[in-house]
Amino acid sequence: MVTIPATAVQTGADTLVAGLECFNLDLTLGCGQAFRWQKTGVGAWHGVAFGLALDISQSGEGLLLKNTAEAQYESVWKRYFGLDTDYAALCARLGRDGGLRQAVEASPGIRILRQEPWETLCSFILSQNNNIPRVTGIVRRLCECFGEPLGHGDFAFPAAERLAALEPEALEPLRAGYRASYLLDAARKAASGELDLRELESLSTCEARVRLTAVRGVGRKVADCTLLYGFGRLEVVPVDVWMRRVLREMYPAGLPACAGDCGGVAQQYLFHWRRSAGHPRP
DNA sequence: TGCCAGGATGATG
DNA sequence: CATCATCATGGC
């Protein structure tokens with residue numbers, strides 16, 4: 001099998017990426033791993049990451065990043081969207097197992113994003129026992145209230161230092177419920193250095209989990225989501241009670257060997273597959 | 001109205 | 001180690 005390399009070409013102010021395999025923008029941004037993207041049309045989204053606003057769309061031509069230089073695509077968005085990873089080979093490998101093949105074929109093109117660690121941690125703290133539309137609203141209000149304005153109504157995700165200086169009452173407009181106090185605890189620990197997110201890069205998954213779960217409201221699931229979606233640790237498999245039952249039922253001996261060190265990717269496909277119609281939660 | 005949402009926590013079988 | 005009530009809020 002020949003892997004077709006993607007090519008990024010700047011035309012005017014925009015950059016067009018053609019030749020992408022196994023990439024579906026709608027599925028990737030809509031599957032619940034990121035909460036800062038708004039669908040603006042067919043295959044078109046507007047969102048903010050790393051303090052940069054972006055209009056992006058996918059069509060038969062490829063992936064179009066508006067007002068984005070190729071250099072910025074290469075240095076920021078390529079990595080963010082996981083386009084520096086060979087998912088064609090990865091998905092082909094996952095497909096060696098029947099169950100995983102079903103899951104991959106059901107919604108091909110989902111990629112694991114590499115978001116900002118701090119934003120990822122906060123997002124999944126806020127997502128606990130919550131639904132995606134509501135989490136999106138809370139995160140949006142959080143950015144509008146405390147993030148740096150980027151123009152055109154866009155706001156960066158607020159720094160930990162900014163949130164750490166707030167009184168609990170200041171978070172009431174977010175309507176985050178009891179999760180607000182968890183958010184403040186994370187901000188205090190991140191701002192004081194008690195939680196050093198940059199240091200996590202150099203730690204083992206096990207040690208990183210211990211650091212993250214020292215934050216109130218951060219358990220195994222939120223820690224693993226942070227490591228998978230915020231640090232690109234594709235081997236980490238976030239599971240809740242429901243997903244654990246699904247996995248025990250399908251793979252009592254663990255994920256098949258073809259998943260290799262990308263169990264998190266396999267889990268993402270399984271989750272999306274089982275959650276879609278026909279495989280409701282018990 | 002009642003139920004649910006990619007949970008964590010603390011207590012209890 | 002599995003299960004359970006509780007937490008606060010909005011959408012359906």
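By convention in this document, chain letters (A, B, ...) are assigned in the order of the sequence lines, proteins followed by strands, and residues within each chain are numbered from 1.
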For this session: Using the six-membered ring wherever Trp is involved, compare the ring planes of A:Tyr80 and A:Phe50 and label them parallel, tilted or perpendicular (cut-offs 30° and 60°).
Result: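 A:Tyr80 vs A:Phe50 ring planes: perpendicular.
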Exercise. According to the interplanar angle, ranging from 0 to 90°, do the rings of A:Phe23 and A:Phe81 count as parallel (below 30°), tilted (30 to 60°) or perpendicular (above 60°)?
Worked result: perpendicular
Take atom [atom1] of [X] and atom [atom2] of [N], then tell me their distance rounded to the nearest Å.
X: A:Leu270; N: B:dG6; atom1: CG; atom2: P; result: 17 Å
X: A:Met243; N: B:dA5; atom1: CE; atom2: P; result: 15 Å
X: A:Asp240; N: B:dT9; atom1: CG; atom2: P; result: 15 Å
X: A:Arg244; N: B:dA8; atom1: CZ; atom2: C1'; result: 13 Å
X: A:Arg248; N: C:dT3; atom1: CZ; atom2: P; result: 7 Å
X: A:Trp242; N: C:dA2; atom1: CH2; atom2: P; result: 18 Å
X: A:Asp224; N: B:dA8; atom1: CG; atom2: C1'; result: 14 Å
X: A:Tyr269; N: B:dG6; atom1: OH; atom2: C1'; result: 17 Å

For this session: Could you tell me whether the side chains of A:Tyr269 and A:Gln102 share a donor-acceptor contact shorter than 3.5 Å?
Result: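 Short answer, no.
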Exercise. Without hydrogens or angle criteria, can the side chains of A:Ser75 and A:Gln72 be said to hold a donor-acceptor pair below 3.5 Å?
Worked result: no
Problem set entry | Pairwise P distance, C:dT6 and B:dG6 [rounded to whole Å] |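 About 23 Å, rounded to a whole number of Å.
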Problem set entry | B:dG10 and C:dA8, which share atom name P, separated by this distance in whole Å | 15 Å
Problem set entry | A:Arg233: salt bridge (charged side-chain N to carboxylate O under 4.0 Å, His left out) partners, not counting sequence neighbours | none
Exercise. Does a nitrogen or oxygen in the side chain of A:Arg216 sit under 4.0 Å from OP1 or OP2 of B:dG7?
Worked result: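 No, because none of the side-chain N or O atoms of A:Arg216 sits under 4.0 Å from OP1 or OP2 of B:dG7.
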For this session: Side-chain contact test, heavy atoms from C-beta onward, threshold under 4.5 Å: evaluate it for A:Leu212 versus A:Val222 and give yes or no.
Result: no
Exercise. Are A:Tyr87 and A:Val265 side-chain neighbours, meaning at least one heavy-atom pair lies under 4.5 Å?
Worked result: yes
For this session: For nucleotides 7-12 of chain C, just jot down a letter per nucleotide in 5' to 3' order: B, S or -, based on protein non-hydrogen atoms under 4.0 Å.
Result: BBBB--
Using a 4.0 Å heavy-atom cut-off, does [X] contact any base of the nucleic acid, only the sugar-phosphate backbone, or nothing at all?
X: A:Gln267; result: base
X: A:Val135; result: nothing
X: A:Val241; result: nothing
X: A:Phe35; result: nothing
X: A:Ile125; result: nothing

Problem set entry | Range-with-range stems for DNA chain C, at least three Watson-Crick or G-U pairs under 3.5 Å |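 So the stems come out as B:2-5 with C:9-12, B:7-13 with C:1-7.
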Exercise. In terms of side-chain geometry, is the basic nitrogen of A:Arg140 or A:Glu144 positioned less than 4.0 Å from the acidic oxygen of its partner?
Worked result: yes
For this session: Check the hydrophobic clustering (I, L, V, M, F, W, Y; side-chain heavy atoms under 4.5 Å; chains of links allowed) and say if A:Val76 and A:Ile56 are grouped together.
Result: yes
Problem set entry | Test log, rule side chain to side chain donor-acceptor pair (under 3.5 Å), inputs A:Asp26 and A:Trp45 | CA-CA 8 Å; A:Asp26 285 347; A:Trp45 297 75; 2.7 Å; yes
